[in-house]
Amino acid sequence: MKIRQRHFIISGRHKRLQRLWQFFFTGWGLIMVAALVAAPFWTKNLLWTPISSIDMKGIARNQFKMEKASFAGTDKNGNPFWMRAETATQEYDDQDKIFLNTVRAQTVRMAEVGKITDNISADKGVYDRTKRRVTLTGNVAVDSSNGDKIRTGEMGIQL
């Protein structure tokens with residue numbers, strides 16, 4: 001006579017699932033779930049606050065941040081340039097603009113006398129990616145290899 005095997009929903013091949021099933025229905029699982037649901041009433045932790053009270057704009061504003069950012073390329077005339085910043089941030093709502101702090105840059109331009117290198121520094125800057133324009137503000141200094149010096153509060157550079 002052939003013995004028939006009974007197959008349950010959770011068979012012996014699924015030991016983890018079987019242990020989890022037993023955990024919840026022995027009572028311990030129900031106690032744990034009840035503790036998780038009741039915890040907001042006992043503690044005032046941020047973890048248990050509603051999502052609406054979290055400052056999502058502040059989190060999104062600081063989400064795109066780089067330390068020691070650098071950018072290099074060529075301008076519309078094919079002259080090389082590089083730019084470095086201590087920090088660079090990008091806002092969630094306006095991703096075309098990159099806000100820079102403690103900016104250092106170097107550009108090369110051709111003049112009648114030859115190649116001129118400009119070393120540029122500023123406290124802050126904004127790089128508009130769509131317009132390919134950098135606006136530097138705060139203690140802007142330009143020192144050229146031909147001896148020219150510029151000191152200003154604001155300067156725009158078209159790349």
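Worth knowing before you read on, the calculation uses all heavy atoms, side chains too, and leaves out hydrogens, waters and symmetry mates.
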Heavy-atom side-chain contact between Lys97 and Thr135 under 4.5 Å: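 They are not in contact (no side-chain heavy atoms under 4.5 Å apart), so the answer is no.
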Note, Ile150 side chain near Val140 side chain (heavy atom, < 4.5 Å):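 No, every pair of side-chain atoms sits at 4.5 Å or beyond.
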Passing candidate, side chain to side chain contact (heavy atoms under 4.5 Å, CB included) with Met83, options Thr107, Ile157, Val134: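 That would be Val134.
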Say you draw a straight line from [atom1] of [X] to [atom2] of [Y]; how long is it, rounded to the nearest 0.5 Å?
X: Arg133; Y: Tyr127; atom1: CZ; atom2: OH; answer: 12.5 Å
X: Leu100; Y: Thr89; atom1: CG; atom2: OG1; answer: 8.0 Å
X: Ser121; Y: Arg151; atom1: OG; atom2: CZ; answer: 7.0 Å

Side chains of [X] and [Y] only: does a donor on one sit below 3.5 Å from an acceptor on the other?
X: Gln106; Y: Asn119; answer: yes
X: Asp75; Y: Asn77; answer: no
X: Thr87; Y: Asn101; answer: yes

Check against side-chain contact (heavy atoms from CB on, under 4.5 Å), Asn79 and Met110: CA-CA 8 Å; Asn79 297 320; Met110 296 304 292; 4.0 Å; yes
salt_bridge(Lys149, Asp118) N-O dist < 4.0 Å: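 Looking at Lys149 and Asp118, the cut-off is not met.
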Enclosure of Asp123 CG (heavy-atom neighbours >12, cutoff 6.0 Å): yes
Intermediate values then yes/no, side-chain contact (heavy atoms from CB on, under 4.5 Å), Asp128 and Ile98: CA-CA 7 Å; Asp128 191 335; Ile98 300 172; over 6 Å; no
Stepwise side-chain contact (heavy atoms from CB on, under 4.5 Å) test for Arg84 and Val103: CA-CA 6 Å; Arg84 293 187 183 105; Val103 182; over 6 Å; no
Pair Arg109-Ser144, side-chain contact (heavy atoms from CB on, under 4.5 Å): steps then yes or no: CA-CA 10 Å; Arg109 58 190 165 96; Ser144 296; 3.6 Å; yes
Non-hydrogen atoms of Ala122 and Leu136 that approach each other most closely: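 The pair with the smallest heavy-atom distance is CB-CB, 3.8 Å.
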Where Lys131 and Gln158 come nearest, the two heavy atoms and their spacing: O-NE2, 2.7 Å
Ring centre gap for Phe71 and Phe81 strictly below 6.0 Å: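 They qualify: ring centres under 6.0 Å apart.
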Side-chain (Gln90) to main-chain (Gln95) donor-acceptor, under 3.5 angstrom: yes
